[in-house]
There are 2 protein chains.
Amino acid sequence: MSGDTDQASPTRAERRHRSEAAILTAARALFAEHGFERTTIRAVADRAEVDPALVMQNFGSKNALFEAAARWAVPTEGLVLADRSELPRAALQHVLDSFDDVDRRPEAEALLRSALTHPAAQAQLRDHVMGETQERVAATIGGPDAELRAALLNACTLGLTISRYLIGVQVLADADPRDLKRILEPALESIVDSP
Amino acid sequence: MSGDTDQASPTRAERRHRSEAAILTAARALFAEHGFERTTIRAVADRAEVDPALVMQNFGSKNALFEAAARWAVPTEGLVLADRSELPRAALQHVLDSFDDVDRRPEAEALLRSALTHPAAQAQLRDHVMGETQERVAATIGGPDAELRAALLNACTLGLTISRYLIGVQVLADADPRDLKRILEPALESIVDSP
DNA sequence: GAATTCGCTCTACGTTTGTTGAGTGAAATC
DNA sequence: GATTTCACTCAACAAACGTAGAGCGAATTC
């Protein structure tokens with residue numbers, strides 16, 4: 001048998017795949033912690049125990065590496081709902097799911113960390129992540145203020161995410177998710193449907 | 001008369017003051033637009049029509065220049081109130097005042113833009129700006145969840161600020177302040193006092 | 001088993017960065 | 001009016017950056 005996870009007989013495709021994975025993991029961690037500008041290709045290579053030039057060869061450029069490493073999945077379920085009252089819960093749950101999961105967090109944090117300084121990250125967050133979410137939420141909300149309300153819902157959850165996970169506001173970082181939901185959900189509901 | 005605003009006989013103190021002011025203004029604009037890491041001392045000097053070395057001589061280092069240029073005033077009034085119901089209005093008004101004022105905005109935006117990537121800016125925002133605000137708001141709110149509610153109030157207004165002014169979410173950037181208040185204030189009130 | 005592909009490393013280029021120290025000329029001091 | 005102070009400029013340094021190209025050795029192909 002050709003070893004799947006063993007180190008015996010590392011085939012060429014395996015080696016390449018492992019290298020790319022190691023580089024991506026290292027890149028995500030460093031981009032997430034320090035942002036795009038403060039992360040160097042050499043640091044990524046060191047962390048991945050790989051030659052710096054290999055990073056270039058596999059991903060082409062630092063920008064391409066970032067785009068491959070930094071993503072924030074847009075929730076596919078729960079946003080387009082018949083019942084608008086479930087919307088706040090879904091939105092809140094999505095950010096908690098993304099960032100309390102140790103595996104998914106670096107990917108999202110890498111994008112968010114650089115969203116204010118790196119033009120590509122900013123565009124990605126604005127147009128892709130927030131934009132698509134806003135569209136779906138607005139469609140569910142309906143009415144004249146739908147887009148504005150959707151954008152405000154997004155803004156509040158973004159503020160929570162940044163404060164809790166990126167800036168590290170103690171009270172929020174230590175807070176139990178249940179308490180966050182208990183206090184924030186009614187507020188978000190008020191954004192969705194008010195006078 | 002010694003000319004106050006004239007160009008006649010620029011005294012030594014005047015020259016220094018004008019240089020520092022020009023440098024600070026240029027630095028604020030660039031820090032606000034591109035963030036700390038993407039802003040170079042040479043670019044600041046060029047914009048201020050000044051020699052790069054003069055920036056170093058007047059401020060010591062790039063970090064010191066940033067600390068002198070990037071501030072976000074903590075609201076002194078309106079947060080410690082007898083009536084908690086006025087709190088959301090005050091908090092919301094404060095961010096709109098800070099960022100819709102063309103003169104005050106760059107100072108605050110410079111700090112906020114780098115708050116996720118520059119350690120000093122992050123500490124400044126977390127401990128000084130948000131920290132002090134949170135203390136005062138929590139004191140006004142009172143009760144067991146006071147600090148958590150205060151932090152969440154902060155988080156939401158931060159999210160709005162970032163979305164509207166830094167990321168440039170269209171719907172929010174174009175929105176009339178009155179509409180923002182109309183929809184967001186009830187939500188913030190719900191954060192301050194709910195079950 | 002020879003030829004070839006290809007993942008990978010080594011070395012180095014060119015640019016940009018923050019920062020420094022010597023030098024200059026005009027304002028301030030006496 | 002000579003001396004000193006000081007805002008300011010010039011030139012350059014050392015380090016770090018993203019990136020490119022030649023070469024090596026083992027896996028793959030024939």
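Numbered from 1 within each chain, the chains take letters A, B, ... in sequence-line order. Just so you know, these numbers come straight off a predicted model, no measurement behind them.
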Peer 1: When you measure from the side chain of B:Met56, which nucleotide among D:dC8, C:dT20, C:dC8 comes out closest?
Peer 2: C:dT20
Peer 1: Between atom CG in B:Asn63 and atom P in C:dT17, what is the gap in whole Å?
Peer 2: 16 Å
Peer 1: Nearest whole angstrom, please: distance from the P of C:dT17 to the CG of B:Leu65.
Peer 2: 15 Å
Peer 1: With respect to the side chain of A:Arg42, which nucleotide from C:dA12, D:dC8, C:dT19 is positioned closest?
Peer 2: C:dA12
Peer 1: Is there a donor-acceptor contact under 3.5 Å from the side chain of B:Arg126 to the main chain of A:Ile167?
Peer 2: yes
Peer 1: How many whole angstroms separate atom CD1 of B:Ile41 from atom C1' of C:dT16?
Peer 2: 13 Å
Peer 1: Specify the residue among B:Ala13 and B:Ala53 whose closest nucleotide of DNA chain C lies further upstream toward the 5′ end.
Peer 2: B:Ala53
Peer 1: Indicate whether OP1 or OP2 belonging to D:dA27 is found under 4.0 Å from a side-chain N or O atom of A:Thr11.
Peer 2: no
Peer 1: Of the options D:dC10, D:dG21, D:dC8, whose atoms approach the side-chain atoms of B:Arg15 most closely?
Peer 2: D:dC8
Peer 1: What heavy-atom pair brings B:Arg113 and B:Tyr165 nearest, and what distance separates the two atoms?
Peer 2: NH2-O, 4.4 Å
Peer 1: I want to verify a distance call: between D:dA7, C:dC8, C:dG18, whose nearest atom is closest to the B:Gln57 side chain?
Peer 2: D:dA7
Peer 1: Distance check needed: C:dT19 C1' versus B:Asn58 CG, whole Å only.
Peer 2: 15 Å
Peer 1: Over how many whole Å does the gap from B:Phe59 atom CZ to C:dG18 atom C1' extend?
Peer 2: 16 Å
Peer 1: Please report the distance, rounded to the nearest Å, between CG in B:Leu30 and C1' in C:dT17.
Peer 2: 16 Å
Peer 1: Give B:Arg12 one of three labels, base, sugar-phosphate or nothing, depending on what nucleic acid heavy atoms sit under 4.0 Å from its own.
Peer 2: base
Peer 1: Using atom CD of B:Glu37 as one end and atom C1' of C:dT16 as the other, report the distance to the nearest whole Å.
Peer 2: 15 Å
Peer 1: Over how many whole Å does the gap from B:Asp51 atom CG to D:dC6 atom C1' extend?
Peer 2: 15 Å
Peer 1: Select one nucleotide: of C:dA28, D:dG18, C:dT19, the one nearest the side-chain heavy atoms of B:Ser61.
Peer 2: C:dT19
Peer 1: Could you pick out which residue, A:Leu54 or B:Pro52, lies toward the 5' side of DNA chain C when each is mapped onto its nearest nucleotide?
Peer 2: A:Leu54
